[in-house]
Asks: 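For reference, the structure I am asking about is given below.
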Amino acid sequence: MTKKTINLTKELKHYFGFDTFKGDQEAIIQNVLDGNDTFVLMPTGGGKSLCYQLPSLLMDGVAIVISPLIALMKNQVDFITHLSEHEGMAHYLNSSLNKAAIDQVKTDIREGRTKLLYVAPESLTKEDNVEFLKTVRISFYAVDEAHCISEWGHDFRPEYRRIRPIINEIGKAPVIALTATATDKVRSDIKKSLGIVDAIEFKSSFNRPNLYYEVRPKTKDIDKDIVRFIKQHQGKSGIIYCLSRKKVEDLAEVLRANDIKAAAYHAGLDSGTRSETQDDFLMERIDVIVATIAFGMGIDKPDVRFVIHYDIPKSLEGYYQETGRAGRDGGEGLCIAFYSYKDLQKLDKFMEGKPVAEQDIGRQLLQETAAYAETSVCRRKMLLHYFGEQYEQDNCHNCDNCLHPGTKIEASNQLVIVLRAVQAIKENFRSDYVIDFVTGRDTEEILAHHHQELDEFGAGEDEDPKIWNPVIRQALIAGYLTKDVENYGLLKLTTAGRKFIKSPTSFMVVQDHEFSEDEEVPEGGTSALDLTLAAMLHDLRKKWSRKLERPSYVIFQDVSIEQMATYYPVTLEELKNIQGVGDGKTRQPYAKDFVNLIKRYCDENEIERQSDLRVRTKAKDSMRKLKILQNIDRRIALDDIANALGIEFDELLDELEGIVLYSGNKVNIDYFLNEIMDPDDIDDIFEYFRESESGDLKEAYKELGSDYEEDEIRLVRIKFISEMAN
């Protein structure tokens, strides 16, 4: 192929309106124009698309872009179409097109109008497409999202393995492979599979300084945490990733119920809906997309301001690529991941039944993700180290661990124990084995290798068992150990590690985070419980309890007091956002006293309030509550209501408790109680709750259980709360 001498900066300005290239873009494009195979490793937002779009416009023939997603193709074809005065400059061939549309694509290609043809790997292998492309002059092949080739990648697709044989059949031309995430192992796998082992490599830094990384514990209130976060970033664009389609749809419904412009996106939706949702997001008719990983690859929306992972991803490659969709314009990009060890166990369980080799790879990738989530070291340093890049600074000032650093402890002795252990077992085992070895656990595997007979066995059994993971992880980052990823992740000593054994120096580590699903998550430092205000509110509650001769919990439950001392409601309207407060409660004589106290307290202490919200449930949950209330108004027996809704009777009681306790609504179930219970029994239980300090059900069962059924106690408690509290 004849080398072209072209003023690339001039062409960049002509076609794309940019004055300068970013990073290695110009060198990459020149390499493609020179007819060389090219490998591009560039983070999301680095400008990978331009590396094949511009040369395709400058070269003879049509460039074949092999891309995994219809959404990506449509987005990029629309973009190129807007650049050109001529119709048909870019097209895609995929399952979303009908026969007439496919014929038009082929006509435009034959007549030389088309410079870029996007195809899915599945479409590329169809016989009629192969036969057609054999008749066409191909300028080059671009394999986008090339990590999909590798089983070590986060989104392995076996059909990508067939790309090289098909290229050979259609007709050879230079290949450019592009990816945003690839470890050394994945990189060599891609080049080998595509037959471009001698490709010239261009590797950009993985550091995205504008992205903020944070991992939060995944608690039962995660939906509320997410709604509150989005409300704090009102009107900004964001993506929320979930692992299951059901969770995607449920969460999108919850967001819409809370007046957030959101839509669901997953592969189970028809292509028209997916396409419309994507357009709505790009055109800012909706603010938030809730999606599986099917969304976002190559989506060119520069101002995505947050990416939330509802579920921890299966690999760090996936996490990095998905977070990379935030802040592509260099502006703010908040990356929040919710982590629960249960989710990790669930993902591990999903691997059962897969081939052993695939399970092994999957589990190694999961371990890396867990290490990232649990670590207390700089998240940027951890991520970049995973991708083979050193981050020299100790503090990036833009991740949760750097903004709120943990206490460092001296771990020189523990590091020596680990390094000697790795040496003793001949650098032939993974980190979990090393930890078992140093802590003296005589597992089957250790006994099988007779390693319990070595002097180093159990050398760390007196140490805190939680120290070993951080020591190994931070020794890897510090360069004392290395991990042989191609060989099951075995730990190996480095030269620095051998030197450390002979002459140890100081080695400071930070303990890993421990994640509890009951942990309360602070919202940007503004939702910590104000203990002083809480004490004042408790005193006010006692005063009203004595005045009305009612138990304290009937005035306001503890959870309501705690929320008031967290979110500072200063009007009756704001008070309704507090759990356990409904319209009925705000009409009580004491309600005004509480908001006045809070207002005075805020004024005197110059507290900047952040108004909170009550998170509404998704529509079908709200509809169920509405149906229950309507049926009670019509005096339909409660067991008949449960049957009609297809739920158990105790589930109906759960719903009723939620209505009176947490929503603060009033219900009249006397018609049902009088039908099934003796009036004296109702009075006895009612009187018990009047005298009770807490109204706790478990205590009531202990006290009353020998005389009454649990359902009877629950029903009278519902009546009591409804009448006395609401």
Side-chain angles (χ1 to χ4, degrees), residues 1-67 72 75-77 79-84 89-90 115-118 138-147 173-182 187 190-191 194 196-210 297-302 321 324-325 327-331 384 387-389:
M1 183 179 282
T2 310
K3 291 191 179 183
K4 296 198 172 194
T5 306
I6 297 170
N7 184 332
L8 289 178
T9 305
K10 185 179 172 186
E11 298 294 347
L12 176 72
K13 181 70 175 173
H14 171 68
Y15 283 107
F16 294 91
F18 301 137
D19 294 316
T20 55
F21 288 99
K22 285 167 73 174
D24 291 331
Q25 281 179 330
E26 186 171 10
I28 292 164
I29 291 164
Q30 189 60 58
N31 198 54
V32 174
L33 291 173
D34 291 345
N36 299 321
D37 289 334
T38 312
F39 184 93
V40 177
L41 182 59
M42 188 182 284
T44 303
K48 288 188 300 299
S49 306
L50 189 86
C51 297
Y52 56 78
Q53 286 170 347
L54 184 55
S56 74
L57 302 176
L58 303 178
M59 293 171 78
D60 296 330
V62 60
I64 307 294
V65 182
I66 300 155
S67 170
L72 175 144
N75 179 242
Q76 296 208 352
V77 167
F79 175 70
I80 295 294
T81 302
H82 289 134
L83 292 179
S84 171
M89 175 83 83
K115 305 300 287 178
L116 265 169
L117 177 67
Y118 289 82
I138 310 294
S139 53
F140 62 88
Y141 298 91
V143 183
D144 207 358
E145 311 295 348
H147 56 267
V175 174
I176 174 172
L178 308 101
T179 179
T181 55
R187 206 155 65 246
I190 292 169
K191 293 202 294 185
L194 286 176
I196 56 168
V197 288
D198 296 325
I200 296 169
E201 279 196 30
F202 295 88
K203 185 179 176 184
S204 304
S205 170
F206 277 79
N207 188 20
R208 296 281 307 282
N210 62 312
M297 292 171 86
I299 295 302
D300 190 19
K301 183 166 173 55
Q321 179 139 31
R325 282 155 200 154
R328 291 174 66 166
D329 57 0
L384 296 180
F387 291 108
E389 185 178 336

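This chain uses plain numbering: 1 for the first residue, then up along the sequence.
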Asks: Would you call the rings of Phe387 and Phe206 parallel, tilted or perpendicular if under 30° counts as parallel and over 60° as perpendicular?
Replies: parallel
Asks: With sequence neighbours excluded, tell me which residues meet side-chain hydrogen bond (donor to acceptor under 3.5 Å, both in side chains) with Asp329.
Replies: Arg305
Asks: When rounded to the nearest 0.5 angstrom, what is the spacing between OG1 in Thr20 and NZ in Lys13?
Replies: 9.5 Å
Asks: Measure across Glu389 and Ser205 and return the closest heavy-atom pair with its distance rounded to 0.1 Å.
Replies: OE2-OG, 2.6 Å
Asks: Of all the heavy-atom pairs spanning Ala146 and Ala177, show the shortest one and how long it is.
Replies: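 What the structure gives for the nearest pair is CB-CB, 4.1 Å.
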Asks: Could you walk me through whether Ile196 and Tyr141 satisfy the side-chain contact (heavy atoms from CB on, under 4.5 Å) test, starting with their C-alpha distance in whole Å, then the side-chain angles of each, then the deciding distance to 0.1 Å, before giving a yes or no?
Replies: CA-CA 12 Å; Ile196 56 168; Tyr141 298 91; over 6 Å; no
Asks: Nearest heavy-atom pair of Leu50 and Pro55: which atoms, and what distance?
Replies: O-CD, 3.7 Å
Asks: Using 0.5 Å steps for rounding, measure from the CD1 atom of Ile80 to the CG atom of Leu116.
Replies: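 Result: 5.5 Å between the selected atoms.
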Asks: Which heavy atom of Lys48 sits nearest a heavy atom of Leu178, and at what distance?
Replies: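 Heavy atoms only, the tightest pair is O-CD2, 3.5 Å.
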Asks: To the closest 0.5 Å, what do you measure between CD (Gln25) and CG (Leu12)?
Replies: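 Those atoms lie 7.5 Å apart.
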Asks: Just checking, is any N or O donor in the side chain of Asp34 or Gln30 under 3.5 Å from an acceptor N or O on the other one?
Replies: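 Present: a donor and an acceptor within the cut-off.
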Asks: Between Cys51 and Met42, what is the shortest heavy-atom contact and its length?
Replies: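 Taking every non-hydrogen atom into account, SG-CE, 4.1 Å.
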Asks: Which pair of heavy atoms, one from Leu54 and one from Leu8, lies closest together, and at what distance?
Replies: CD2-O, 4.4 Å
